[in-house]
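Notes follow the structure.
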Amino acid sequence: MAEEEEGLGSALIAELYRPPALLPIAQLKDALLYAIETFPVTVIVGETGSGKTTQIPQFLYKAGWTNDGSQIAVTQPRRIAATSVSARVAEELGCQLGQEVGYSIRFEDVTSDKTKIKFLTDGLLLREMLVDPLLKRYSVIMVDEAHERSLSSDILLSLLKKVLRARSDLRVVISSATLDAEKFLEFFAPDEDQNVGGKFKADYGTIVSIEGRTHSVDIFYLPSPINNYVEKAVDTAMSIHTSEADGDILIFATGREEIDDIIDMIADRIVDLGPDAKRLQPLPLYAGLPTEQQMYVFQKADEGTRKLIVSTNIAEASVTIDGIIYVIDTGYVKLRAYDPALGIERLNVVPVSKASATQRAGRAGRTRPGKCYRLYTESAFDRLEDATFPEIQRSNLAPVVLQLMNLGIQNIVRFDFLDSPPSKLVVRALDLLFSLGAVDAYGRLTKPLGTRMAELPLEPMLARAVLNAQSFNCLSEMLTIAAMMTLQGNAFVAHDGNQKLVDRARRKFAVKEGDHITLYNVYQSFTNSAVGKQSSQWCRDNNLNYKAMLKAVSVRKQLRNYLDRMGIQENTLAGSDAIRVGGMEMAERVQRCLTTGFFAQAARMKTDGSFVPVGGDTVMWAHPSSLFFHRKVDWVIYHEIQETKGKIYIRDLTSVEMDWLTEYAPEYYKVKQR
DNA sequence: GAGCACTGC
């Protein structure tokens, strides 16, 4: 396992560790088992630290829920949680991980025929439903952290509702940290029960509440609203540092730039404190930070030094840091929104929800009683949304729709969602899938193209291009490019914050055709036994993210296996072709092949360097990480479009010929011209 | 001209 995950994992295990007998959940054991025995659906409400994730599966196991040879599944929204929690439970049961207790995540299946309790990501359980739609191997399925309302856990709950209709023996346990419990339970009401109106006849399920074991956290609000929460966060941190007892500080900010600003301002203020003052060590934390730098936040500060961690939302649920006593909540978060009319993703800074604010405050009370300073007024808090908008209502739904169709859901519009996505999102998704040939004019999944696209763990446009690659004799190249695309711009990394070095490193691999083939060259060099040798040192020397590169190797291998099973062979010509891919022939094949997937994302550069889409007037700019940030080009296809601070950026560009667009997507462009 | 919140298959 890579360093980062080990580090984060052990932090998580530390959080979970508490002698099991002392957990409040132990007292509720009988009530819990009774509920699960009696009702198809049990919703468990319990704060972090209540032990529900580690204890409930053990109760069920010991109560005989796996005696008939079936398994207990516990789903997690994150890989790291699945691995670390399973290790903890294996230890408590005194067995080796992978025996009675195991986990299964993408690329790693640590289970055996002896496995009774299996932790897995919710996305992977969805994949299992393709093979086993009724999930027959499980007697109990526990969906943990359902309150996070992730895309895959939402869909999983919808599908479990369907499965329950066919399987009266199945038990579903939903665990939530917030007050959504009733909503979850009511969702599982059989249709006839919903007609009873106000009368609530819940013989299909029940709610069990578990006391948390976190310490109390005093909440402080501002007396009046402020304009600049960045400055206020700095002021608050400094006053905590100079007047409050020992204990580390955690500031929640919205993004990298803001975090850097806060850290710079804090650094200035530290100088003013004078040489005799207690020391303060500001540390940034966000997902894009190189692993080594992320690890600093977990290390104990020197004696007499107070850590001040300035973090994105990553510290809200994904990462747990010990020793935080003070939390400063700016009250904002950066969230994705999807504009179905333009097909653009936006990252907006928006107020947090009450659930989020509560979760943030709780980060101060893990070791001992703490304090949380909310940089907004109490009435502002009262006006916050109860919970963050579910992901399914603010995402590009093309991958979701494709996956649901492949699971046999014919009518997406009538699908029983916990919260239905806006119909515009569904329509947009269907339009795109139709233009890609995954869905026919009757709204049915096509065979084999549509089903194959759904099977590949790639977004639809990329899946389409990969499935076309064999006919362009560039499957080998496209597999590599697809694998590199899943890194989402994280192939290069600034090891010491020096962005100039990154740009220089990128130029070493650059080819005139654009970013995709540039990334292909990166992969080729990394895996070449005479060049990168898959070594971490080589990555460091070339400003590449070693962990990300290893992931690309895994993804490529997995994609390769999928295509093997589909009977699509890697072109022998491609594998042995000695032509440098930046040269004419191969490059053009790749460019054409990419066009067959990304024709709907084509644009042309104007003289001022901006881009406009076909038949549109949206002004777009090449992202600074693109080869075409500096260079001139005519037509391009792009992989991603995103609005940041009012400016629309396109990322991962490859130059194409205008004729190819009409050649490979005649229908699409005929409609466009009307 | 100047920059990805966070996950997952």
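Everything numeric here is computed off the predicted structure, so don't read it as measured data. These values consider heavy atoms only, across backbone and side chains, with no hydrogens, waters or symmetry-generated copies.
- Of the listed nucleotides (dC9(B), dA5(B), dA2(B)), dC9(B) has the atom at the smallest distance from the side chain of Thr121(A).
- Side-chain polar atoms of His639(A) and Glu459(A) form a donor-acceptor pair below 3.5 angstrom.
- For the pair Glu316(A) CD and dT7(B) C1', the computed distance is 13 Å after rounding to whole Å.
- In the model, Ser152(A) has a side-chain atom that pairs as donor or acceptor with a side-chain atom of Asp122(A) under 3.5 Å.
- For dC4(B), its base sits under 3.5 Å from the side chain of Arg651(A) at one donor and acceptor pair at least.
- Under 4.0 angstrom from either OP1 or OP2 of dC4(B) there lies no side-chain N or O belonging to Lys334(A).
- Of the candidate nucleotides dC9(B), dA5(B), dC4(B), dC9(B) has the atom nearest to the side chain of Arg106(A).
- When each of dA5(B), dC9(B), dG3(B) is scored by its nearest atom to the side-chain atoms of Tyr649(A), the top-ranked nucleotide is dG3(B).
- Nearest to the side-chain atoms of Gln488(A) among the listed nucleotides dG1(B), dG8(B), dC6(B) stands dG8(B).
- To the nearest angstrom, P of dG8(B) lies 20 Å from CG of Leu397(A).
- Rounded to whole angstrom, the span from the CD atom of Glu391(A) across to the P atom of dT7(B) amounts to 12 Å.
- A salt bridge does not link Glu257(A) to Lys334(A): none of the charged nitrogens lies less than 4.0 Å from a carboxylate oxygen.
- Each of dG8(B), dA2(B), dC6(B) was ranked by its minimum atom distance to the side chain of Ile314(A); first place goes to dC6(B).
- Among the atoms of the strands shown, none is found under 4.0 Å from any heavy atom of Gln558(A).
- Side-chain proximity of Asp503(A) to dA2(B), dA5(B), dT7(B): nearest is dA2(B).
- Per the geometry, CG belonging to Asp652(A) stands 13 Å off C1' belonging to dG3(B), to the nearest Å.
- Residue-to-nucleotide proximity on DNA chain B shows that, of Asn490(A) and Asp608(A), the 5′-proximal contact is made by Asp608(A).
- Within 4.0 Å (heavy atoms only), Glu640(A) reaches at least one base atom of the nucleic acid.
- Here the P atom of nucleotide dC6(B) and the NE2 atom of His147(A) are 18 Å apart, to the nearest Å.
- Closest contact between the side chain of Thr312(A) and the listed nucleotides dA2(B), dA5(B), dC9(B) involves dA5(B).
- Distances shown here put a side-chain N or O of Thr644(A) below 4.0 Å from the OP1 or OP2 atom of dC4(B).
- Stacking between Phe629(A) and dA2(B) is absent: the aromatic ring centre is not both under 5.5 angstrom from the base six-membered ring centre and within 30 degrees in plane angle.
- Under the 6.0 Å distance and 45° angle rule, Arg631(A) does not count as a cation-pi partner of Phe628(A).
- Picking from dC9(B), dA2(B), dC6(B) the nucleotide with the shortest atom distance to the side chain of Tyr286(A) gives dC6(B).
- Side-chain contact check for Arg336(A) and Gln642(A): no donor-acceptor pair (N or O, by modelled atom type) lies under 3.5 Å.
- Side-chain atoms of Arg79(A) and Thr121(A) include no donor-acceptor pair closer than 3.5 Å.
- One interatomic measurement links the two molecules: CZ of Phe119(A) to C1' of dG8(B), which rounds to 19 Å at whole-angstrom precision.
- In this structure, Leu124(A) reaches the sugar-phosphate backbone alone: every heavy-atom distance under 4.0 Å involves primed, P, OP1 or OP2 atoms, never a base.
- Residue whose closest nucleotide on DNA chain B sits further toward the 5' end, between Leu458(A) and Leu487(A): Leu487(A).
- Base engagement by Arg336(A) is indicated by at least one non-hydrogen atom pair under 4.0 Å involving a base atom.
- Taking atom CZ of residue Arg149(A) and atom P of nucleotide dT7(B), one finds them 20 Å apart after rounding to whole Å.
- No hydrogens or angles considered: nothing links the side chains of Thr644(A) and Arg346(A) as a donor-acceptor pair under 3.5 Å.
- With distances taken from any side-chain atom of Arg79(A) to the nucleotides dA2(B), dA5(B), dC9(B), the minimum falls on dC9(B).
- Taking side-chain N and O atoms only, His630(A) has no distance below 4.0 Å to OP1 or OP2 of dG1(B).
- Note: CZ (Arg452(A)) to C1' (dC9(B)) measures 19 Å, nearest angstrom.
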